[in-house]
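First the structure, then my questions, so here it is.
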Amino acid sequence: MKLGLFGGTFNPIHFGHLRAAQELAELLKLDRIFFIPAATPPHKETGGIVSFEHRLQMLQLAVAGNDSFSISHVENLRPGKSYSIDTVRHFQKDGDSKLECFFITGQDAFDAITTWHDWKNLLRLCRFVVMTRPGYENRGLHQILPPDVAGRYIYDAGGNVFQDQEGGTILFRRTTFLDISSSEVRKRIQQGRSVRYLTPDSVIRYMEANRLYQ
Ligand code: ATP
Ligand code: MG
């Protein structure tokens, strides 16, 4: 069983997230990708973030009909900040040795990995897949990985992966990059502009019905 764990604030989910996840599922032959909204994102000001329940509902609408996509509300079950390492441990708790987990992030999120809680152990606990934007191939090895990470990893060109001695694996995979962000979606709604084709219609209807981000 190959699982993708895709964490984020998803405030709201948009086609950038969905398309990248779809391509990774195909590329890595993942059986399933869990979209995992953060209850209390450690890195974001909580001010402009709509409730966990709203973000969860929008995710559910967005992935409806895709058998490879699921939503996990695990981060809402824990009090305090939502740390990814606790989430990965949750998925691995049964000790199922046949379970292969891939933690999915965008390049911007991964660039800040050394600010994540217990990041060294997190990187060893499961494989990381970083969805890269066009042009990343031109960055030198030590620019792809943050400096504190780069020193520990060796690049294996055959498998196109970075590996460290303690079993950490980081893959960089190119996915179609749709230049969409949740911030941009929120900004447009606030300005009364259309967000059609940036996120699924079902999500747009939900945001309108609940007067989100206005
Ligand atoms: P915000 O603008 O509020 O920061 P966001 O669009 O970046 O929102 P997040 O919920 O912060 O969305 O991101 C969750 C994950 O999705 C992160 O790993 C981020 O790097 C990745 N991501 C964000 N936007 C895209 C996109 N357009 N394509 C691929 N991945 C993305
Ligand atoms: Mg972001």
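Note that ligands are numbered from 1 as they come in the structure, with each ligand's atoms numbered from 1 the same way. Given the structure is predicted, the values throughout are model-derived calculations rather than measurements.
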Would you please classify the geometry between the Phe34 ring and the Phe91 ring as parallel, tilted or perpendicular, with 30° and 60° separating the classes?
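Phe91 vs Phe34 ring planes: tilted.
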Counting non-hydrogen protein atoms only, what is the nearest one to atom 28 (N) of ligand 1? Give residue, atom name and distance.
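It is Gly16 O, 3.5 Å.
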Geometric N/O contact Ser182 with ligand 1, under 3.5 angstrom
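By distance alone, the answer is yes.
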Looking just at side-chain N and O atoms, do Gln57 and Asn210 make a donor-acceptor pair shorter than 3.5 Å?
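On atom types as modelled, these side chains do not qualify, holding no pair under 3.5 Å.
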Quick one: nearest non-hydrogen protein atom to atom 18 (O) of ligand 1, plus distance?
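For this ligand atom, the closest protein heavy atom is Gly106 N, 2.9 Å.
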I'd like to know if Phe110 contacts ligand 1, where contact means a heavy-atom distance under 4.0 Å to any ligand atom.
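Under 4.0 Å: no for Phe110.
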Give me the nearest non-hydrogen protein atom to atom 15 (C) of ligand 1 as residue plus atom name, then the distance to 0.1 Å.
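For atom 15 (C) of ligand 1, the nearest protein heavy atom comes out as Phe6 CE1, 3.5 Å.
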Rounded to the nearest 0.5 Å, how far apart are CD of Gln190 and CD of Gln214?
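Taking CD in Gln190 and CD in Gln214, the distance rounds to 9.5 Å.
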Which ligand 1 atoms, with their elements, are less than 4.0 angstrom from a heavy-atom of Phe177?
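Near Phe177, the atoms of ligand 1 are 26 (C), 27 (N), 28 (N).
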State which residue, out of Tyr155, Phe128, Phe110, fulfils the ring-ring contact (aromatic ring centres under 6.0 Å, His included) condition with Phe162.
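Considering Tyr155, Phe128, Phe110, a ring-ring contact (aromatic ring centres under 6.0 Å, His included) with Phe162 is found only for Tyr155.
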With respect to Leu178, determine whether any N or O atom, backbone or side chain, lies less than 3.5 Å from an N or O atom of ligand 1.
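Yes, since at least one N or O of Leu178 sits under 3.5 Å from an N or O of ligand 1.
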Report the member of Arg186, Glu23, Met131 with the shortest heavy-atom distance to atom 3 (O) of ligand 1.
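When every heavy atom of Arg186, Glu23, Met131 is considered, Arg186 comes closest to atom 3 (O) of ligand 1.
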Atoms of ligand 1 close to Phe10 [distance to a heavy atom under 4.0 angstrom, numbered from 1]:
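Once the distances to Phe10 are compared, the set is 10 (O).
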Same cluster (ILVMFWY, side-chain, under 4.5 Å), Phe103 and Val74:
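Result: yes, single cluster for both.
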From Leu56 atom CG to Ser72 atom OG, the distance as rounded to the nearest 0.5 Å:
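Here the interatomic distance stands at 9.0 Å.
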Do the rings of Phe6 and Phe10 sit parallel, tilted or perpendicular, given the 30° and 60° boundaries?
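The arrangement is perpendicular - the two ring planes meet at more than 60°.
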Look only at interatomic distance and state if His17 has a nitrogen or oxygen under 3.5 Å from any nitrogen or oxygen of ligand 1.
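There is such a contact, yes.
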Does atom CD (Gln165) have a neighbourhood of more than 12 heavy atoms from anything else shown, all under 6.0 Å?
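At most 12 heavy atoms, drawn from other residues, nucleotides or ligands, come within 6.0 Å of this atom.
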Side-chain contact, heavy-atom cut-off 4.5 Å: Glu184 with Asp179?
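In short, these two side chains do not touch, never coming nearer than 4.5 Å.
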Supply the atom-to-atom distance Asn76 CG to Ser82 OG, rounded to the nearest 0.5 angstrom.
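So the CG of Asn76 and the OG of Ser82 are separated by 8.0 Å.
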Give the numbers and elements of all ligand 1 atoms closer than 4.0 Å to a heavy atom of Thr105.
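Those atoms are 18 (O).
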Name the closest protein heavy atom to atom 11 (O) of ligand 1, giving the residue it belongs to and the distance to 0.1 Å.
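Answer for atom 11 (O) of ligand 1: Lys44 NZ, 2.6 Å.
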Taking N or O atoms only and a 3.5 Å limit, does Thr9 qualify as a polar contact for ligand 1?
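N/O-N/O distance below 3.5 Å exists for this pair.
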What residue and heavy atom of the protein are closest to atom 1 (P) of ligand 1, and at what distance?
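Sorting protein heavy atoms by distance from atom 1 (P) of ligand 1 puts Ser183 OG, 3.3 Å first.
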To the nearest 0.1 Å, how far is atom 19 (C) of ligand 1 from its closest protein heavy atom, and which atom is that?
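That would be Asp108 OD1, 3.6 Å.
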Would you call the rings of His43 and Trp116 parallel, tilted or perpendicular if under 30° counts as parallel and over 60° as perpendicular?
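Rings of His43 and Trp116: tilted, as their planes differ by 30° to 60°.
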Under 4.0 Å from any heavy atom of Gly8, which atoms of ligand 1 are there?
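Going through ligand 1 atom by atom, the ones under 4.0 Å from Gly8 are 10 (O), 14 (C).
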Heteroatom distance test (Ile180, ligand 1): nitrogen or oxygen, under 3.5 angstrom:
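Yes, there is a polar N/O contact under 3.5 Å.
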Do Ser182 and Thr9 come within less than 4.5 Å of each other through their side chains, counting heavy atoms only?
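Sidechains of Thr9 and Ser182: no contact.
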Numbering as shown, the atoms of ligand 1 that approach Gly7 to under 4.0 Å (heavy-atom distance):
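Taking each heavy atom of Gly7 in turn, ligand 1 has 14 (C), 15 (C) under 4.0 Å.
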Looking at ligand 1, does any of its N/O atoms fall within less than 3.5 Å of an N/O of His14?
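Yes: some nitrogen or oxygen of His14 is under 3.5 Å from one in ligand 1.
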Give the atoms of ligand 1, by number and element, whose distance to some non-hydrogen atom of Ala109 is under 4.0 Å.
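Answer, ordered by atom number: 17 (C), 18 (O), 20 (O).
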